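These notes are about the structure you will find just below.
If you're wondering where the values come from, they're calculated on a predicted model, not measured in any experiment. Atoms within a ligand are numbered from 1 in the order they appear, just like the ligands themselves.
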Amino acid sequence: MHADAVREGSPEQKLVLVFFGSPNQNGTTAALLHEFLKPFEGFARVETVDAYERNIAPCIACNVCAGEERCSQPDFDDIDALIRAADVIVVATPVYNLSLPAPLKAIFDRTQRYFAARFSLGIPNPVEKHKTAALLVTCGSRDCEGAQIISRQLKPAFSVINTAMEDMVVWPGTDFDGGRETLKKAQKSARDLALAIQCEL
Ligand SMILES: Cc1cc2nc3c(=O)[nH]c(=O)nc-3n(C[C@H](O)[C@H](O)[C@H](O)COP(=O)(O)O)c2cc1C
């Protein structure tokens, strides 16, 4: 799943940009994402940035973005274009050690360029188009502590890319019987959230 160069769609076609944080293409995170995306089929263009496949380099704190509106590392350029064009941002991720898996954390650390654009260069809205976000989290444990931490972690990054989080769906207990006990509730929450976002587009 590569983030292709931003293609021209019809002017009214909406763009849903997914950041996929699991190394498993057929795991619990993929299943939850699949359920969420159903209402968007035929309605919006969906582009997926697969964090493990892309293996984006971490931010190296070179501070170039504090002097010019750009990043010194070009591997994020197509993702930058997708972020600017997106109407909806979806982050679908498992919890790893109460946090984002490392390749996805690297992607969100790279939003430092927008933070610097706003606070060092004084550009009020470095990303002009407003977006709505959905956070989909799978947790092995039955508590949702990791999901809460991830939600907190993403807020500053969402803020500098002009994105408001609509809601979060958590599928807890996936390490117990494959999460069967909690699957139906998580699927319904994912569908409901997708429909709520779709209605606002
Ligand atoms: C390296 C690693 C760290 C994990 N850390 C946590 C954790 O801190 N909290 C938790 O609830 N689950 C943790 N898990 C469990 C995963 O979040 C859970 O199995 C998830 O459903 C996996 O998603 P996937 O099926 O898409 O791979 C961890 C799993 C791995 C592989």
**Study point:** Ring-face cation contact, Phe176 with Arg142, 6.0 Å cut, 45° max
**Key:** yes
Tell me, which protein residue and heavy-atom name are nearest [atom], and how many Å apart are they?
{"atom": "atom 24 (P) of ligand 1", "answer": "Thr28 OG1, 3.4 Å"}
{"atom": "atom 15 (C) of ligand 1", "answer": "Asp175 OD2, 3.5 Å"}
{"atom": "atom 8 (O) of ligand 1", "answer": "Leu98 N, 2.9 Å"}
{"atom": "atom 17 (O) of ligand 1", "answer": "Val95 O, 2.7 Å"}
{"atom": "atom 2 (C) of ligand 1", "answer": "Tyr96 CD1, 3.6 Å"}
{"atom": "atom 10 (C) of ligand 1", "answer": "Gly140 N, 3.6 Å"}
{"atom": "atom 21 (O) of ligand 1", "answer": "Thr174 OG1, 2.6 Å"}
{"atom": "atom 27 (O) of ligand 1", "answer": "Asn24 ND2, 2.6 Å"}

Short list, please: which atoms of ligand 1 are under 4.0 Å from a heavy atom of [X]?
{"X": "Ser22", "result": "24 (P), 26 (O), 27 (O)"}
{"X": "Gly27", "result": "25 (O)"}
{"X": "Asn97", "result": "3 (C), 4 (C), 5 (N), 6 (C), 7 (C), 8 (O)"}
{"X": "Thr138", "result": "17 (O), 20 (C), 21 (O), 23 (O)"}

Review point. Counting only heavy atoms not in Lys38, do more than 12 fall under 6.0 Å of its NZ?
Key: yes
Point to revise | Heavy atoms from other residues, nucleotides or ligands near NZ of Lys185 exceed 12 (cutoff 6.0 Å) | key: no
Exercise for review: Indicate whether the side chain of Thr174 and that of Thr28 have a donor and an acceptor atom separated by less than 3.5 Å.
Suggested key: no
Review point. Taking atom types as modelled, is there a side-chain donor on Asn162 or Tyr114 under 3.5 Å from an acceptor on the other?
Key: no
Review point. Leu136, Tyr52: one ILVMFWY side-chain cluster at the under-4.5 Å cut-off?
Key: no
Check your understanding: Looking only at heavy atoms, is any part of Cys139 under 4.0 Å from ligand 1, and if so is it the side chain, the backbone, or both, or is it neither?
Key -> both
Exercise for review: Please step through side chain to side chain contact (heavy atoms under 4.5 Å, CB included) for the pair Leu15 and Val88, ending with a clear verdict.
Suggested key: CA-CA 6 Å; Leu15 173 61; Val88 177; over 6 Å; no
Review point. Is Asp143 in polar range of ligand 1, meaning some N or O pair under 3.5 Å apart?
Key: no
Point to revise | Donor-acceptor pair, side chain of Thr111 and main chain of Phe108, under 3.5 angstrom | key: yes
Check your understanding: Within the side chain of Arg54, is there an N or O that forms a donor-acceptor pair under 3.5 Å with the backbone of Val49?
Key -> no
